[in-house]
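What follows is a set of notes on a single structure, which appears directly below.
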2 protein chains.
Amino acid sequence: MTRDLREAGLTQQRPVVRRAASIKDVAAAAGVSPTTVSHVLSGNRPVNEETAARVRGVVNRLGYVPASLARSLQAGSTSVIGLLIPDISNTFFAELAKGAEDAAHDLGYGLILCNTEFDADREDRYLGMIRSRFIDGMVYASGSPPSRRRLEALMGKFPIALADEEVEGLRGALIAGADHEAGGRLVGEHLRALGHRRALMLTGPRDLRSGAARAHGFVQAFGGEVVERVGDFKEDSGYRLVAELLDAGGFEDRTAVFAANDLMAFGALAALREAGVSVPGDVSVVGFDDIRAASLVSPSLTTVHQPAYDIGRTATAQLLQYVSRGEVPPASRHTLPVELKVRGSTAPPAAR
Amino acid sequence: MTRDLREAGLTQQRPVVRRAASIKDVAAAAGVSPTTVSHVLSGNRPVNEETAARVRGVVNRLGYVPASLARSLQAGSTSVIGLLIPDISNTFFAELAKGAEDAAHDLGYGLILCNTEFDADREDRYLGMIRSRFIDGMVYASGSPPSRRRLEALMGKFPIALADEEVEGLRGALIAGADHEAGGRLVGEHLRALGHRRALMLTGPRDLRSGAARAHGFVQAFGGEVVERVGDFKEDSGYRLVAELLDAGGFEDRTAVFAANDLMAFGALAALREAGVSVPGDVSVVGFDDIRAASLVSPSLTTVHQPAYDIGRTATAQLLQYVSRGEVPPASRHTLPVELKVRGSTAPPAAR
DNA sequence: GTTGTTGTGCAAAACGTTTTGGATATCTAG
DNA sequence: CTAGATATCCAAAACGTTTTGCACAACAAC
């Protein structure tokens with residue numbers, strides 16, 4: 001249902017955007033040179049107060065706003081950086097983005113959010129922004145699997161920082177992220193202590209080191225028998241993998257599921273519920289991230305808390321330190337601590 | 001804990017970003033004029049195939065990427081628009097953003113997400129991007145209360161579309177949004193039909209028409225006695241308002257709560273749970289938006305589904321239609337249907 | 001042998017800023 | 001009265017593109 005108010009006579013008639021006032025227009029109207037206008041506005045050199053007042057008057061009257069493009073072209077930088085995230089509806093990244101935004105804001109930079117939906121095409125487009133110098137730098141928080149080579153080529157030439165993610169085989173990167181392996185270990189110890197011996201592990205995409213580190217820490221600390229299935233960090237894949245395994249009878253006497261992130265854990269919960277499997281009565285479920293919904297679902301989800309906000313903030317602050325000096329950041333690693341949140345989705349396995 | 005890999009000898013030595021290759025460098029290396037390079041790359045005019053091949057070779061060798069700033073400056077537009085949202089961790093806006101992004105992508109535009117956290121300062125900064133012509137247009141999805149005047153000043157001069165929101169008293173805008181009033185009515189009818197007669201309504205900020213419309217539709221259809229409390233669309237405010245009312249004894253024999261969005265409904269649920277009030281046994285709760293978590297919480301939340309994706313998509317597609325022609329969009333309204341999702345948080349009031 | 005036409009490439013202007021080296025006038029100190 | 005300092009402003013260059021008018025050659029058509 002679309003109603004066009006033009007027929008109601010409530011409108012302008014599609015005015016074409018007319019050319020905005022330029023510094024020359026201001027100069028002409030004020031009877032000075034563009035140089036002087038620039039100096040008045042930037043305060044870069046002193047200008048006679050009377051003249052300055054006149055210029056400011058004209059600026060207001062004409063609604064003049066300097067064209068940032070021209071300014072940036074001349075300055076050689078835009079004072080804007082990007083934050084590339086794979087899935088904006090995952091609130092983990094939303095929190096991370098807040099941290100990044102705050103850090104950028106504090107340092108006088110603009111931050112633009114680039115959401116890729118795990119899509120290589122979009123990632124390319126957004127990385128193009130940095131190659132064409134539309135932005136001064138990029139905080140890269142995970143991404144689609146085939147990104148490694150592209151990233152590697154860019155990393156030495158442009159200011160890029162990795163947040164929450166290591167990309168397999170990538171060297172020389174500035175990284176800020178949680179201690180994924182320690183998180184995995186916490187989960188392994190927790191489930192083992194409860195008495196579980198056979199578990200299902202839902203990992204993230206193979207090429208993302210973060211997921212691999214979680215799995216590694218888990219397997220090592222858990223000690224029991226672990227079956228792994230590869231997911232993609234989205235809710236659907238958690239649902240699908242568990243449902244398939246249940247259908248195929250492959251679940252057998254497994255009593256615990258560790259999903260490499262909360263979203264997949266939600267999917268697992270849904271699949272178990274539909275199959276009539278009780279959580280945590282029959283099967284315990286653990287996630288990773290501790291997104292907002294983790295404490296809202298029923299049963300509430302035992303999970304590993306990641307300091308999403310701090311990760312975003314640290315990665316960005318670190319990156320900007322170099323960007324502002326026109327440097328490419330050196331390799332370094334900032335590891336932030338994680339914490340196990342025990343909630344309602346884990347319990348000792350039922351006696352049999 | 002921060003470890004610097006430089007000490008491990010794994011690094012470059014903070015290389016300063018060296019000037020990127022320009023079209024002149026390419027031209028010189030290929031023994032042609034910049035004009036010819038431009039023509040080779042844009043295909044704007046035919047170039048001898050042999051020459052073109054040589055130019056392309058140099059382009060690859062030098063890793064030349066045209067500076068988008070210079071290109072945009074010359075073209076007079078950046079082919080990028082912004083999407084301004086107030087709260088990125090509200091998944092309603094995340095869905096809306098996906099729709100906007102898809103629409104922009106389809107039409108060859110870049111979309112940058114601008115998250116304001118309901119902060120007027122940030123909103124100003126982001127609106128500055130359009131005034132300084134860093135972006136070609138803006139999809140504006142709600143915002144901080146005092147925005148109206150700023151918006152009004154911009155609206156006639158720059159391409160702006162409103163998504164999901166009407167701003168009180170704003171005229172001549174392109175708007176795409178849900179039928180908020182109808183949604184409110186659905187809730188009113190539902191609660192009335194269940195037998196509720198006394199309700200608490202948690203509204204959004206006074207100046208946002210969307211919240212007001214929801215309240216209006218609700219009050220009208222419900223017919224019973226309604227107490228209103230003004231929130232800010234965030235979870236905390238839902239919690240606080242309900243907790244305060246419970247403490248003050250003001251809740252009395254009220255049997256239903258309608259929150260103007262899901263986040264506030266979650267807050268209300270938490271406050272009720274803490275106070276030992278059973279939902280839906282003692283009190284029914286209804287939200288608005290139908291974000292992902294609404295079906296995950298326990299009890300699952302009865303709410304009004306808004307087509308967030310479509311709202312974002314429609315607003316953006318409409319806006320771009322005008323942006324691409326260099327026009328400011330005329331006033332028009334695109335209303336999308338809503339739907340009541342009855343779930344576990346509503347039931348008939350307990351007999352007394 | 002003129003007149004077009006087609007293919008190929010370049011020079012110069014334009015987009016809108018900021019920056020830098022002067023130019024001019026006025027003032028100060030000796 | 002002159003040399004230097006200070007205040008005020010401007011002209012021109014530079015940032016990196018795209019666009020447009022033109023030049024020149026080769027070739028065809030008459």
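Numbers restart at 1 for each chain; the letters A, B, ... are given by sequence-line order, proteins then strands. The figures here come from the full heavy-atom set of this structure, side chains too, leaving out hydrogens, waters and symmetry mates. These numbers were taken from a predicted model, which means no experiment stands behind them.
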Legend entry - Under-4.0 Å side-chain N/O to phosphate OP1/OP2 contact, A/Thr36 with D/dC10: yes

Legend entry - Between C/dT18 (P) and A/Leu41 (CG): distance, integer Å: 7 Å

Legend entry - Value in whole Å for how far the P atom of C/dC15 lies from CG of A/Asp25: 10 Å

Inset, instruction - Give the nucleotide from the list C/dG9, C/dT17, D/dT17 with an atom nearest to the side chain of B/Ile23. - result: D/dT17

Legend entry - Nearest-nucleotide 5' precedence on DNA chain C, B/Pro46 against B/Gln74: B/Pro46

Inset, instruction - Tell me which residues in residues 56-70 of chain A put a heavy atom below 4.0 Å from DNA chain D, sorted by number, or none. - result: none

Inset, instruction - Kindly say if B/Asn44 contacts the phosphate of D/dT18, meaning a side-chain N or O under 4.0 Å from OP1 or OP2. - result: no

Legend entry - A/Asp106/A/Arg313 salt bridge by N-O under 4.0 Å criterion: yes

Inset, instruction - Determine, for A/Tyr126 and A/Arg122, whether the Lys NZ or Arg CZ falls below 6.0 Å from the six-membered ring centre while staying within 45 degrees of the axis. - result: no

Inset, instruction - Check whether any side-chain N or O of B/Thr35 sits under 4.0 Å from OP1 or OP2 of D/dT18, and answer yes or no. - result: no

Inset, instruction - Figure out the CD/C1' separation between A/Glu50 and D/dT8, and round it to whole Å. - result: 12 Å

Legend entry - Sugar-phosphate, base or nothing in reach of A/Ser38, heavy atoms under 4.0 Å: base

Legend entry - Phosphate OP1/OP2 of D/dT18 contacted by B/Ser42 side-chain N/O (<4.0 Å): no

Inset, instruction - Please state how far atom CZ in B/Phe134 lies from atom P in C/dG16, giving the value in whole angstrom units. - result: 17 Å

Legend entry - Short side-chain donor-acceptor distance under 3.5 Å, B/Tyr309 and B/Asp102: yes

Legend entry - Electrostatic pair A/Arg19:A/Asp25 at N-O distance under 4.0 angstrom: yes

Inset, instruction - Whole angstrom is fine here: how far is it from CZ in A/Arg45 over to C1' in C/dA23? - result: 12 Å

Inset, instruction - Using a cut-off of strictly less than 4.0 Å, decide whether B/Ser33 has a side-chain nitrogen or oxygen near OP1 or OP2 of C/dC10. - result: yes

Inset, instruction - Return yes if a side-chain donor-acceptor contact under 3.5 Å exists between A/Ser72 and A/Thr78, otherwise no. - result: no

Inset, instruction - Round to the nearest Å and state the distance from A/Lys24 atom NZ to C/dA13 atom C1'. - result: 10 Å

Inset, instruction - May I have the distance from A/Leu73 (atom CG) to D/dT18 (atom P), rounded to whole angstrom? - result: 12 Å

Legend entry - Modelled atom types, side-chain donor and acceptor of A/Tyr140 and A/Glu123, under 3.5 Å: yes

Legend entry - Interatomic distance where CG belongs to A/Asn48 and C1' belongs to C/dA25 [whole Å]: 13 Å

Legend entry - B/Lys98 bridged to B/Glu95 by N-O distance under 4.0 Å: yes

Legend entry - Closest listed nucleotide, where the reference is the side chain of B/His39 and the choices are D/dT20, C/dT17, D/dT17: D/dT20

